[in-house]
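The basis for the numbers below is simple: all heavy atoms, side chains too, and nothing from hydrogens, waters or symmetry mates. Predicted model only: the values in this text are computed from it and were never measured. First listed ligand is number 1; within each ligand, the first listed atom is number 1.
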Amino acid sequence: MESRLSQLTKRFVPTVITADTTGLSAGNRAALKELIAAAGVMDSLYLRQVWSGDQNLLAKLNADTSPAGQEMLRYFQINMGPWSKLDHDSAFVPGVPARPLGANYYPEDMSKEEFTTWVAGLAPADKEKATGFFTTIRRKPDHTLTMIPYSAEYKDLLDVAADHLRKAAALTDNGTLRDFIMKRATAFGTDDYYESDIAWMDLDSPIDVTIGPYETYMDGLFNYKAAFEAFIGIRDEAETAKLSSFAAHLQEIENSLPIDPKYRNPHLGAMAPIRVIDEVAIGGEAKSGVQTAAFNLPNDERIVQQRGSKRVMLRNVQEAKFNQILKPIAQIALDSMQRPLVAFDPFFTHILAHELMHGLGPHNIVVKGNATTVRQELKELYSSWEEAKADISGLFALQYLIDAGIVDKAMEQKMYVTYLAGIFRSIRFGITEAHGQGMALQFNYLLEHGAIEYNQGNGTFAIDFTKIGPATRDLTGIIMTVEAQGDYNAAKELLAKYAVVGPSLQSVLDKLAAIPVDIAPDFPLAK
Ligand code: ZN
């Protein structure tokens with residue numbers, strides 16, 4: 001019988017992730033090696049942040065050559081620790097404690113109350129540091145709390161990472177890359193990441209790098225402390241060109257949105273930057289659990305307010321997930337005649353359109369004479385609503401570009417069928433999070449209007465190509481009009497009616513249990 005551990009591991013299907021580096025200059029190729037080495041240092045930093053015993057346990061598992069030991073090592077590497085992220089952090093290595101809520105950012109015996117009381121007694125500048133991204137909290141010999149800046153706590157490893165970054169800076173011929181990694185190397189020693197975050201916003205280079213302390217999810221006590229990670233990638237020139245060709249038509253699309261003309265924005269502002277890259281190496285938190293397919297950074301509020309945030313999309317990771325997860329889902333959920341239409345190019349093109357459409361439609365609105373925003377008016381419904389808007393209006397926008405002859409007509413049927421397959425992937429694990437809920441809303445609306453058809457006989461779904469275009473247009477109009485009017489009650493009613501899992505949908509979801517949850521990436525270029 002298969003062991004429980006191997007069942008857990010099997011949910012992550014091993015997948016090679018690679019990229020075309022042949023277009024890189026000799027200097028950039030040499031720089032890439034140093035950057036990959038710097039990303040490797042993020043692994044050691046992150047292991048130290050997860051738990052005080054993480055590195056010793058990894059060394060022990062590495063030395064254990066028994067099949068059971070090797071299996072544990074494999075799953076440890078997927079989670080970057082002895083707790084299974086997909087299973088509420090349950091331990092899978094015998095003898096390890098429960099996952100510490102505050103990771104290794106705080107003393108394991110410290111309570112929330114002790115921290116809060118200690119912080120209340122600090123001077124304002126210290127208070128800011130103690131609750132900031134880049135300090136750990138430790139105990140002094142007298143058992144009271146103290147803080148240590150990351151630059152001191154992790155000095156040994158940060159010096160090594162900074163050294164690799166400086167070497168890479170000397171090798172690259174790209175000025176924006178040199179500027180970012182030099183400033184980031186400095187930040188490792190000063191804990192002041194502002195200048196390097198600004199340089200990262202301006203990074204425009206064939207090698208794309210994100211490296212440092214970023215997300216705060218692992219701090220389960222306060223969400224204050226940032227975990228180290230790295231994404232090293234090669235800019236995808238074809239998708240980058242596609243993005244700028246779409247961007248040139250955004251105002252036209254805004255001008256033809258299916259809403260009252262008074263709700264359209266006659267002057268779209270500057271777009272937040274979007275980068276499309278192929279991953280070649282990752283490090284630290286990026287390695288743990290479900291693989292990141294896109295991210296928005298930085299988290300520094302000052303920069304987000306001045307410059308917005310930058311979105312980085314990992315094309316080859318999306319493609320791997322498409323092949324390993326979406327295609328098998330389509331084999332089960334879709335009508336057999338339409339399965340051959342499921343393809344990666346329309347899948348990724350729709351993701352790009354989704355991202356662009358977040359910038360279109362109503363944002364700053366007037367409700368009862370008062371200036372406000374859609375986010376403020378829709379409150380807790382906003383994320384689900386805005387995600388549904390970006391999905392459905394992404395289809396609307398692509399249909400517009402197809403009709404205008406800018407996108408190939410051969411994309412038309414493929415994009416609708418691929419979108420349908422994607423719905424099952426998004427709501428496979430329930431509709432508790434924003435994107436799943438928004439997808440269920442679209443699915444049930446389109447089903448009710450005959451744009452999606454259910455075949456009771458074989459339990460599969462199909463697109464009705466005569467109805468999907470008009471239904472997409474109508475739903476885009478409904479969702480955007482609710483946004484324009486800031487109509488919370490209408491959003492609430494529509495979600496209650498449509499964001500549900502009915503029997504036909506549930507019967508298909510039940511059949512998807514054996515399909516992998518995610519990929520376990522293998523990076524040949526990082527070796
Ligand atoms: Zn979105």
Visitor: If the condition is salt bridge (Lys or Arg N to Asp or Glu O under 4.0 Å), which residues does K492 pass it with, not counting sequence neighbours?
Guide: E380
Visitor: For D345, run the salt bridge (Lys or Arg N to Asp or Glu O under 4.0 Å) check against K242, K414, R315 and tell me which one passes.
Guide: K242
Visitor: Of all residues at least two apart in sequence or in a different chain, which pass the side-chain hydrogen bond (donor to acceptor under 3.5 Å, both in side chains) check with T18?
Guide: none
Visitor: Looking at the Zn ion (ligand 1), which N/O/S atom of H358 is the nearest one?
Guide: NE2
Visitor: Are any N, O or S atoms from H435 nearer to the Zn ion (ligand 1) than 2.8 Å?
Guide: no
Visitor: Output the distance between atom CG (L326) and atom CZ (F344), rounded to the nearest 0.5 Å.
Guide: 10.5 Å
Visitor: So that I can check it, does any N, O or S atom in E387 come closer than 2.8 Å to the Zn ion (ligand 1)?
Guide: yes
Visitor: Taking the Zn ion (ligand 1) as the reference point, name the nearest N/O/S atom of H354.
Guide: NE2
